[in-house]
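Quick caveat: nothing in here was measured; it's all calculated off a predicted structure. Letters A, B, ... are given to chains in the order of the sequence lines, protein chains preceding strands, and every chain is numbered from 1.
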Amino acid sequence: MAVQKLPIAKAINESLRTALDNDPKVLVMGEDVGKLGGVFRVTDGLQKDFGEDRVIDTPLAESGIVGTAIGLALRGYRPVVEIQFDGFVFPAYDQIVTQLAKMHARALGKVKTPVVIRIPYGGGIGAVEHHSESPETLFAHVSGLKVVSPSNASDAYWMLQQAIQSDDPVIFFEPKRRYWDKGEVDTEAVPADLHKATVAREGGDLTLAAYGPMVKVCLEAAAAAEEEGKSIEVLDLRSISPMDFDAVQKSVEKTRRLVVVHEAPVFLGSGAELAARITERCFYHLEAPVLRVGGYHAPYPPARLEEEYLPGLDRVLDAVDRSLAY
Amino acid sequence: MAVQKLPIAKAINESLRTALDNDPKVLVMGEDVGKLGGVFRVTDGLQKDFGEDRVIDTPLAESGIVGTAIGLALRGYRPVVEIQFDGFVFPAYDQIVTQLAKMHARALGKVKTPVVIRIPYGGGIGAVEHHSESPETLFAHVSGLKVVSPSNASDAYWMLQQAIQSDDPVIFFEPKRRYWDKGEVDTEAVPADLHKATVAREGGDLTLAAYGPMVKVCLEAAAAAEEEGKSIEVLDLRSISPMDFDAVQKSVEKTRRLVVVHEAPVFLGSGAELAARITERCFYHLEAPVLRVGGYHAPYPPARLEEEYLPGLDRVLDAVDRSLAY
Amino acid sequence: MTVDSADSTAAAQKANPARGRAAAKKSAKKSPGKTAAAKAPAKKAPAKAAAKTPAKAAAAQSDLVQLVTPDGKRVKNPEYDRYVADITDDELRGLYRDMVLTRRFDAEATALQRQGELGLWASLLGQEAAQIGSGRATREDDYVFPTYREHGVAWCRGVDPTNLLGMFRGVNHGGWDPNSNNFHLYTIVIGSQALHATGYAMGVAKDGADSAVIAYFGDGASSQGDVLEAFNFGAVYNAPVVFFCQNNQWAISEPTERQMRVPLYQRAQGFGFPGVRVDGNDVLACLAVTRWALDRARQGEGPALIEAFTYRMGAHTTSDDPSKYRSDDERVSWEAKDPILRLRAYLESQTDTDEGFFAELDAESESLGKRVRDVVRAMPDPDLMAIFENVYADGHALVDEERAQFAAYQASFADGEGA
Amino acid sequence: MTVDSADSTAAAQKANPARGRAAAKKSAKKSPGKTAAAKAPAKKAPAKAAAKTPAKAAAAQSDLVQLVTPDGKRVKNPEYDRYVADITDDELRGLYRDMVLTRRFDAEATALQRQGELGLWASLLGQEAAQIGSGRATREDDYVFPTYREHGVAWCRGVDPTNLLGMFRGVNHGGWDPNSNNFHLYTIVIGSQALHATGYAMGVAKDGADSAVIAYFGDGASSQGDVLEAFNFGAVYNAPVVFFCQNNQWAISEPTERQMRVPLYQRAQGFGFPGVRVDGNDVLACLAVTRWALDRARQGEGPALIEAFTYRMGAHTTSDDPSKYRSDDERVSWEAKDPILRLRAYLESQTDTDEGFFAELDAESESLGKRVRDVVRAMPDPDLMAIFENVYADGHALVDEERAQFAAYQASFADGEGA
Ligand SMILES: Cc1ncc(C[n+]2csc(CCOP(=O)(O)OP(=O)(O)O)c2C)c(N)n1
Ligand SMILES: Cc1ncc(C[n+]2csc(CCOP(=O)(O)OP(=O)(O)O)c2C)c(N)n1
Ligand SMILES: [Mg+2]
Ligand SMILES: [Mg+2]
């Protein structure tokens, strides 16, 4: 059946399965992705069905994982690497930033490194340190990488398909606290462009822009605001690099107000770029400065404080009100 | 004599010497910092005078260097680490971001890790790949780190003194192509606050904000603009984290126009944050959107192209004109 | 006995059957039956450090320092006996008590997690001997860098066990002062602490002190660049650091052969310091071997690597389900080597430890359990403003600004509620 | 002979005199005069992989595979002779030619840097044998991952040497198609390529091919976590990868003892594969040992580590001033071991190579030199728009936007000039 209702984790699992089926060069690799099926069970059953040669449990060394994935890509493979949690990508950061991102340009286009790095990211699951971070800025600032994050099951399925098919390295941020949220996945649909934003909800008074786990919060905020008579448009950015400035511009030219929401710290978060760029593009349209709702300039706090650290409904609505007050 | 005219490299050398003299806990460590005195001779003569026990040639392993520096700091030392070039800091990125930056908070303030990481950064020296990058965003986005960059010899001397005295980890970006620019250093002066911007030149029509190697370019642009009757204020931001928003706000409230200049790529560069923040603070003052001049979303190019990649006088003046045209 | 006979190389070969088999055959032909220790081929090819072939690695299984057998018999060891020659029956009972109380604490924490009082727990079940033996070998002025499972070592260092629970409850990221007991915070990013330990040890040497430093990590962590760089820094600077690896056979779901091709203790040699494999379920052997390593560190002989061969009897953490990846038989086979039963058998058969001791200890366990429960349940949530505390030691303008905004925002609710 | 007698451990001890001396004394007492190979103490302490003490490491100096002595005499080696048993005089002359032309190319590049035609040059002077011997051991379908000094290996792979100059001139970051000659781009971030090579080798194995992969790196690079992780990945996956370290005694200004405590080749063993130290100035020995290693990789026996013991005769790069950190005596002592003179002595004494061969080669050198000069001087600057090319394979909206802005900005000058 082409249309199924799936949780995001399962949609990703299906997407990996499809990719492994369609292309013998696709590999899945990472810590515990085999028998265990990953700590979130996202790769559940894949090793059983595709064997240890294609679904590879690696040593516990992220630089080694990404570095060998680059080598495998140079040999013609298309590795899909899993980093167990956001906070554990940094041992691989050098390989990602100095090698993976630059290899194609360094070789004047003569080689390609189609590696996808899947990273469950973000907070809200009550975890210990390093399990709840949102480091997307640290990748999006680096040219040569593409950075995306789905917010729902259908995008999770399709965007991963597209990321694997892309000849560029893609950092694929998975909203871990939404893994169990269900949505319809049509495996025969024609997907939207990987790097285009979509309008998750139409509205006329203000634009909320978000991606990954925050889209749901924004949709809830829009629904709540509607009860107060405010019409909020919600954009699901989907792609952080490149960012779909055109879509945001179009929306803001209509609504004249923009609030950007992400879990990552506000300071140099992707909202900074969006605010700077949209202000430049829409200087005479904006009725209010672009406002940002995000994490603080502080380490992700212990679980008992995360509700206060994370942008929630109230903080989004507060920003909406502040914007509308201009 | 308290006042000397010194090149920036020598001012840093003197500053290290002073720190080694004043505090037996200060250590200098890194690749080739000993007999060679570093590839830029910034640590010239220090090992000879302070011994191998305090000026330490390390194995070629940046993670090891920063990781052991953290351990030394926990033992009560104050290591000043040299990373040979900007592009080689990434093997240490995990230690910097997950350990150095967070140790103090993790321990609820019970331990301190006063490690200074000196990084010669930026382009313009005709070097091969990885020797000309400006990765400050990748550190400034991370809480727990302080990020600064001097633009002249006096600041180089004093800001390094202050960085070493700080109980926080400081990423100290040195504008390598300015190493040989001379300036007066008064070793008995009372220095400005490490994290406050200074007005490098006063003006009324527009504010140029920069730090490190770009301050000189902005001063030249201001001089050139003056000939055309434009009065440009140049702010030397000096500190990237924290950023002195108050100083920029004050200037922009006067000039009503802001152009930010840095070598780092514009996309998610520090100019993005400055633009977002200042637009929020000065929404009704700004006559033009904050414009940004910086690197492109592309790897730092081969040397024969760097003049075109780097923000130079012409590109700054072009942005000034565009801003004034609003 | 599954694991005892499962040797790393053989298993690694399994994963790559074709190439592996070829390799095994070929090597076996070249040097049939040679043990790791007998390096005769070195004469034929003087500059070749021969790889361990499967056959050799199997032989290396006997390279396990053991002072007390699983059934409680003391066996002689000419090399390490001297390090525990002076041990009294009272001290042995002390080790027993440490293990029992640590296990009890651990069980209590697991239960508290099930009750929702903790978000997560990483149990040390089965690793008590490795931790208590090594922990009791440290001197007060030594410094310990743990990973996240060293509850037994923390106990030896005098850290109140309830302090360990804060991070698992989610009220902090580390709830003790590392310098109070020279026991650093738990480190979640696998392997990073090995470099901190090495740097700390470099500092000890600079100070001219004769303290030593010990870094704990797991078999999985041994693959991390940071751990390997730490080996090299330790060696190059001749730092007084002991690398203590608890090889509990599993890194979450990955067996040791996914992390290494030959037994880990052998890795030390190529960095220029000795490596020893010790029976990690034999508390006396762990004490002896760690004393040896700390002694030589103190005496300026540099690092040593200890591989404590043990077993993770429980799940990786309370979030884990080991039935997905390992057989229960394996765990059952290790029960026969239980570190606590082993020392009890020894105490009962070779010392005059009476029932009273065990009964008293049971009571002590009970009251420890109760105290842990009470303390955890009373553990308050942190103040909201803690988000902004200790981000910097010297303050930071942006943190100040955000703190103020946050406070105002919070206050706006209070106002609202008040109204 | 300074370096031959300078052994790593002894020197490392020097750096830390007090602790070091204590260590040396103590260990020496424990196992006097034992060589690295004779591991008798393993019986006394079965699980202890003994550290190399200074005495042992000194003994390891003899562990050097050499087939031709510095004065051109062929010495027998029962282990490795077979790998060059079939070599003809013509092939030997070919190796000689390779070394001479490589050196000439290298000298030309150094000269071009002095003339301002190149921004930088990293000379391989002194390392010709290590590179030509190993490079000639590779098969066409093998794959090479170099660092930045492997001009001789590039030569063997058939890469036009002028292509190597683009990055040093500043016109690109790598001017050849890696897949044309199975010779990857130079890698500046020390050590990263070791993992790429290992991954590539894993892919070769997956493909069921019998090619092998060889990763080049320096003594300094051996400290990097990436190289050490590569050792482990190579071992665990039994990948057909050869790790070829040119130990040229220096990492810029840092001597080998700052990078390691014991000779590097010994490090392999602890990861589960063999390590060999070869005379890096003996092209025949390098050829033999690399053939051995590539052969066993092909046959599914997994990785090997080759440490080619050689010397960087020149500066680190043209930006470097070695007089700051090393004595000229050291360099002079290595002149006696020159790889080219050595093979010439052999050719002249044991083959019927006539003057004509050498004269012809001189002429060939000259014309290579001329061609290199001409090509470099004619090498055009890249098009400005190259900044935006190949950033992505599939395009990127922001790059498109910035490219367009840049083009318009550039055009505004053209307009101005035109007006
Ligand atoms: C850098 C990093 N990568 C991944 C993880 C996730 N992780 C936590 S524990 C673990 C396995 C650790 O195994 P081992 O080192 O053997 O220690 P053990 O849990 O067995 O005590 C993994 C992969 C992590 N914490 N840090
Ligand atoms: C990660 C990294 N750190 C530092 C440098 C700067 N650097 C370039 S070459 C070099 C020394 C390399 O020594 P070695 O590995 O022995 O190779 P050799 O130059 O002797 O051939 C250093 C420190 C670098 N290129 N990459
Ligand atoms: Mg383990
Ligand atoms: Mg070298």
Side-chain angles (χ1 to χ4, degrees), chain A residues 62-63 87-98 101-102 105-106 129-130 133 135-138 140-144 240-243 260 264-284 286 288-292 295-301 326, chain B residues 62-63 87-99 101-102 105-106 129-130 133 135 137-138 140-144 240-243 260 264-284 286 288-292 295-301 326:
Chain A
E62 285 78 7
S63 191
F88 307 140
V89 70
F90 300 112
Y93 195 70
D94 177 56
Q95 282 287 345
I96 296 173
V97 162
T98 74
K102 295 182 171 59
R106 186 179 296 150
E129 207 189 347
H130 303 292
E133 297 163 12
E136 56 268 27
T137 282
L138 307 175
H141 182 56
V142 177
S143 62
I240 303 155
S241 174
M243 222 179 244
V260 193
V266 164
F267 187 80
L268 285 168
S270 47
E273 181 61 39
L274 206 53
R277 189 85 48 164
I278 292 303
T279 305
E280 191 176 341
R281 290 198 182 188
C282 306
F283 190 65
Y284 295 118
L286 283 169
V290 177
L291 298 185
R292 298 175 287 164
Y296 300 108
H297 193 68
Y300 195 90
Y326 272 82
Chain B
E62 286 77 7
S63 191
F88 307 140
V89 68
F90 300 113
Y93 196 70
D94 176 56
Q95 282 287 346
I96 295 173
V97 163
T98 73
Q99 303 305 311
K102 295 184 172 60
R106 186 180 295 149
E129 206 188 350
H130 303 294
E133 297 164 13
T137 282
L138 307 174
H141 182 56
V142 177
S143 61
I240 304 155
S241 174
M243 222 180 245
V260 193
V266 165
F267 186 80
L268 285 169
S270 46
E273 181 61 40
L274 207 52
R277 189 86 46 163
I278 292 301
T279 305
E280 191 176 339
R281 289 201 184 186
C282 308
F283 189 64
Y284 294 118
L286 283 169
V290 177
L291 298 184
R292 296 176 287 164
Y296 301 108
H297 193 69
Y300 194 90
Y326 272 84

TODO: Would you please classify the geometry between the B:F283 ring and the A:Y326 ring as parallel, tilted or perpendicular, with 30° and 60° separating the classes?
DONE: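 Correct class here is perpendicular.
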Search all heavy atoms of [X] against all heavy atoms of [Y] and return the closest pair with its distance.
{"X": "B:L268", "Y": "A:A140", "value": "CD1-CB, 3.7 Å"}
{"X": "A:R277", "Y": "B:V266", "value": "NH2-CG1, 4.0 Å"}
{"X": "B:A275", "Y": "A:A276", "value": "CB-CB, 3.6 Å"}

Task: For chain B, the option from A:E133, A:K102, A:E129, A:R281 that forms the most heavy-atom pairs under 4.5 Å - done: A:E129
Open item on the list: I'd like to know which of A:V89, A:T98, A:V142 tops the heavy-atom pair count under 4.5 Å against chain B.
Closed with: A:T98
Open item on the list: Below 4.5 Å, heavy-atom pairs only: which of B:S63, B:G144, B:G269 has the largest tally toward chain A?
Closed with: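 Highest number of heavy-atom pairs under 4.5 Å: B:G269.
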Task: Which of B:G87, B:P265, B:A105, B:A101 touches chain A most, by non-hydrogen pairs under 4.5 Å - done: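 The residue among B:G87, B:P265, B:A105, B:A101 with the greatest pair count is B:P265.
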- [ ] Go through B:Q95 and A:F90 one step at a time and tell me if the side chain to side chain contact (heavy atoms under 4.5 Å, CB included) criterion holds.
- [x] CA-CA 8 Å; B:Q95 282 287 346; A:F90 300 112; over 6 Å; no
From [atom1] ([X]) to [atom2] ([Y]), nearest 0.5 Å:
{"X": "A:F267", "Y": "B:S270", "atom1": "CZ", "atom2": "OG", "answer": "7.5 Å"}
{"X": "A:T279", "Y": "B:L291", "atom1": "OG1", "atom2": "CG", "answer": "11.0 Å"}
{"X": "B:T137", "Y": "A:L138", "atom1": "OG1", "atom2": "CG", "answer": "9.0 Å"}

Task: Flag side-chain contact, heavy atom, 4.5 Å: B:R106 against A:P299 - done: no
Open item on the list: So A:H297 and B:S241, do their side chains get closer than 4.5 Å, heavy atoms only?
Closed with: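 Contact flag for B:S241/A:H297 side chains = yes.
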- [ ] Please flag which part of B:E62 lies under 4.5 Å from any non-hydrogen atom of chain A: side chain, backbone, both or neither.
- [x] neither
TODO: Side chain from CB out, backbone as N, CA, C, O: work out which of these in B:H141 comes under 4.5 Å of a heavy atom of chain A, or both, or neither.
DONE: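 B:H141 touches chain A through backbone and side-chain heavy atoms alike.
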Task: Candidate pair B:E273 and A:E273, rule side chain to side chain contact (heavy atoms under 4.5 Å, CB included), full reasoning - done: CA-CA 7 Å; B:E273 181 61 40; A:E273 181 61 39; over 6 Å; no
